[in-house]
Amino acid sequence: MTAPGAPPPAAEYAVVIPTLGRPSLGACLHALAEATGPGPARIVLVDDRPGTDRIALTAVVPPSLRSRTVVVPGRARGPAAARNLGWRAAGDVPWIVFLDDDVVPGPTWGDDLTLDLAAATARTAGITARIEVPLPAGRRPTDWERNTAGLADARWITADMAYRRDALAAVGGFDERFRRAFREDADLALRTLDAGWTLTTGRRTTTHPVRQAGRWISVRLQAGNADDVLMTRLHGRHWWRRAEAHRGRLPLHLAVTGAGASALGCALLGRHGAAAVCAAAWLAGTAEFALARILPGPGTRDEVLTMTVTSALVPPAATWHWLRGRVVHRKALPYTPSGSGEPTLGSRPAARERLRS
């Protein structure tokens, strides 16, 4: 990133990027290096890949950023834990900017971020970027592409989110019980707001491309229902309204799964009439879900086949993860601003490896 002059002390910031070593990290760092405006005081890459035989990340760091970049070994415990390691290793800077390793900061990102930070009041804890998700031209987007496009409307998404370091310290950082890239950002935002801080939207723009995903991605994403259980434990039944989050189809998934399970149970008991009624309800619910996903899409044979099959698998997967979350998080206490319901977060400094030019 070009830096015609050092940023004023109030606008000094560090960038924290948790990464699994995906190829997109190189594009993210190169966009960061080429953007106009004051650059970061430090870049912290949290290498969250499992295992010890990992290829070094030095090759993807542009030369102009290497003297300011450090690598922090992660613990493979998810983005919340990785970000905590990162912001604590970033040094004594007023602002921490969290970036995902698959985003592309805009060409004027540094200048726009400087204006965002300069406009912050003393009570501003965080400033989110404007996220853009490019969709294909000439055809309707697939279910996965529409899912990714929803990130553009996510309220406090940490794909590009600047947080005041004092605010992170005041609320204890991210809750590391969120092991996936899901709801950890909404949880932090709600705890920050409850502590009396404010959050706002900035002017900088960051692109979030649609990454490649397999046929079963919609089934795997249902693991997020366990995180929603934790959010309810921490923030109450209506947390999604405060976080301006999409509620999802869990009640319908539970009903469809219940109908399917009842059909099987009645059939085993020889109650064929009741089994037929329950099976019809299951089929109707599954067909409605499949059509809701197929009709807005491109209508290709592969997309229709994928939506048909996964629409039968998603409801039981969602139900399973919801039940799992109720068991795993049954002892989670409601969050209170005093911190009595917070997890204990260690303050041990992270080991760091400085990149060599």
Side-chain angles (χ1 to χ4, degrees), residues 24 100 102-103 131-155 157 159 178 180-186 207-229 231-232 239-241 243-264 276-326:
S24 57
D100 285 351
D102 57 351
V103 302
I131 303 297
E132 296 181 349
V133 180
L135 294 176
R139 65 165 174 82
R140 290 179 291 183
T142 64
D143 180 70
W144 169 240
E145 289 166 344
R146 295 194 304 273
N147 182 283
T148 305
L151 297 175
D153 300 321
R155 194 70 174 103
I157 183 173
F178 292 94
R180 305 174 64 256
F182 191 67
R183 303 304 191 202
E184 84 290 352
D185 46 7
T207 299
H208 194 304
V210 179
R211 60 181 172 83
Q212 294 295 317
R215 185 185 298 273
W216 312 110
I217 182 63
S218 60
V219 179
R220 295 198 300 270
L221 288 178
Q222 300 313 307
N225 285 284
D227 298 314
D228 282 349
V229 172
M231 286 293 291
T232 301
W239 64 266
W240 51 275
R241 292 179 181 171
E244 301 181 40
H246 181 56
R247 192 176 187 183
R249 294 176 60 106
L250 179 63
L252 293 175
H253 291 332
L254 295 177
V256 169
T257 303
S262 298
L264 290 175
V277 171
C278 291
W282 173 85
L283 182 60
T286 301
E288 182 277 329
F289 182 38
L291 288 174
R293 303 168 72 200
I294 291 172
L295 294 179
T300 63
R301 179 179 179 180
D302 186 68
E303 178 73 0
V304 171
L305 176 62
T306 298
M307 294 302 98
T308 301
V309 174
T310 58
S311 292
L313 299 177
V314 163
T319 301
W320 162 254
H321 287 293
W322 176 73
L323 292 172
R324 178 177 62 84
R326 291 182 66 87

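Side-chain atoms of S311 and R293 include a donor-acceptor pair closer than 3.5 Å. T232 and W239 share a donor-acceptor pair across their side chains, judged by distance under 3.5 Å alone.
Considering only heavy atoms from C-beta on, H253 stays 4.5 Å or farther from V256 through its side chain. Using a 4.5 Å heavy-atom threshold, the side chains of L313 and Q222 count as separate. You'll find the side chain of R326 stays beyond 4.5 Å of the side chain of N225, heavy atoms only. For the pair F178/M231, a side-chain contact is recorded, criterion being any heavy-atom separation below 4.5 Å from C-beta on.
For W320, the CH2 atom sits in a loose shell: 12 or fewer heavy atoms of surrounding residues, nucleotides or ligands are nearer than 6.0 Å.
Nearest heavy-atom pair, A159 versus I131, reported as atom, atom and distance to 0.1 Å: CB-CD1, 4.3 Å. Of all the heavy atoms in P209 and D102, the pair that sits closest is CD-O, 3.2 Å. Across all their heavy atoms, T306 and T310 have their closest contact at O-OG1, 2.6 Å. The shortest heavy-atom contact between A318 and L250 is O-CD1, 4.2 Å. Among all heavy-atom pairs drawn from H321 and R324, the shortest one is ND1-NH2, 3.0 Å. The minimum heavy-atom distance between P136 and E145, with the atom names listed, is CG-OE1, 3.6 Å.
Using a cutoff of 4.0 Å between basic side-chain nitrogens and carboxylate oxygens, R140 and E303 are not scored as salt-bridged.
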**Asked** Hey, mind stepping through E288 and R249 against salt bridge (charged side-chain N to carboxylate O under 4.0 Å, His left out) and telling me if it holds?
**Response** CA-CA 12 Å; E288 182 277 329; R249 294 176 60 106; 2.6 Å; yes
**Request:** Evaluate the side-chain contact (heavy atoms from CB on, under 4.5 Å) criterion for residues T308 and I294: first the C-alpha distance (whole Å), next the side-chain angles of each, then the deciding distance (0.1 Å), finally the verdict.
**Result:** CA-CA 8 Å; T308 301; I294 291 172; 4.0 Å; yes
**Request:** Apply side-chain contact (heavy atoms from CB on, under 4.5 Å) to the pair V304 and R301, showing each step before the final yes or no.
**Result:** CA-CA 5 Å; V304 171; R301 179 179 179 180; 6.0 Å; no
**Request:** Any chance you could lay out the side-chain contact (heavy atoms from CB on, under 4.5 Å) test for W216 and V309, step after step, and finish with the verdict?
**Result:** CA-CA 9 Å; W216 312 110; V309 174; 3.7 Å; yes
**Message:** Please evaluate residues F289 and V314 with respect to the criterion side-chain contact (heavy atoms from CB on, under 4.5 Å), reporting the C-alpha separation (whole Å), side-chain torsions for both, the decisive distance (0.1 Å), and the verdict.
**Reply:** CA-CA 10 Å; F289 182 38; V314 163; 3.7 Å; yes
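A distance of 11.0 Å separates CD1 in I217 from OG1 in T142, rounded to the nearest 0.5 Å. From S24, atom OG reaches atom NE2 of H208 across 8.5 Å, with rounding to the nearest 0.5 Å. A distance of 6.5 Å separates CG in D100 from CD1 in I157, rounded to the nearest 0.5 Å. Note that CD of E184 is 8.5 Å distant from CG of D227, once rounded to the nearest 0.5 Å.
A donor-acceptor pair under 3.5 Å is formed between the side chain of R146 and the backbone N or O of P141. For the pair W144 (side chain) and R211 (backbone), a donor-acceptor distance under 3.5 Å is present. Between the side chain of R183 and the backbone N or O of A226, no donor-acceptor pair lies under 3.5 Å. Between the side chain of T286 and the main chain of A312, no donor-acceptor pair closer than 3.5 Å is present.
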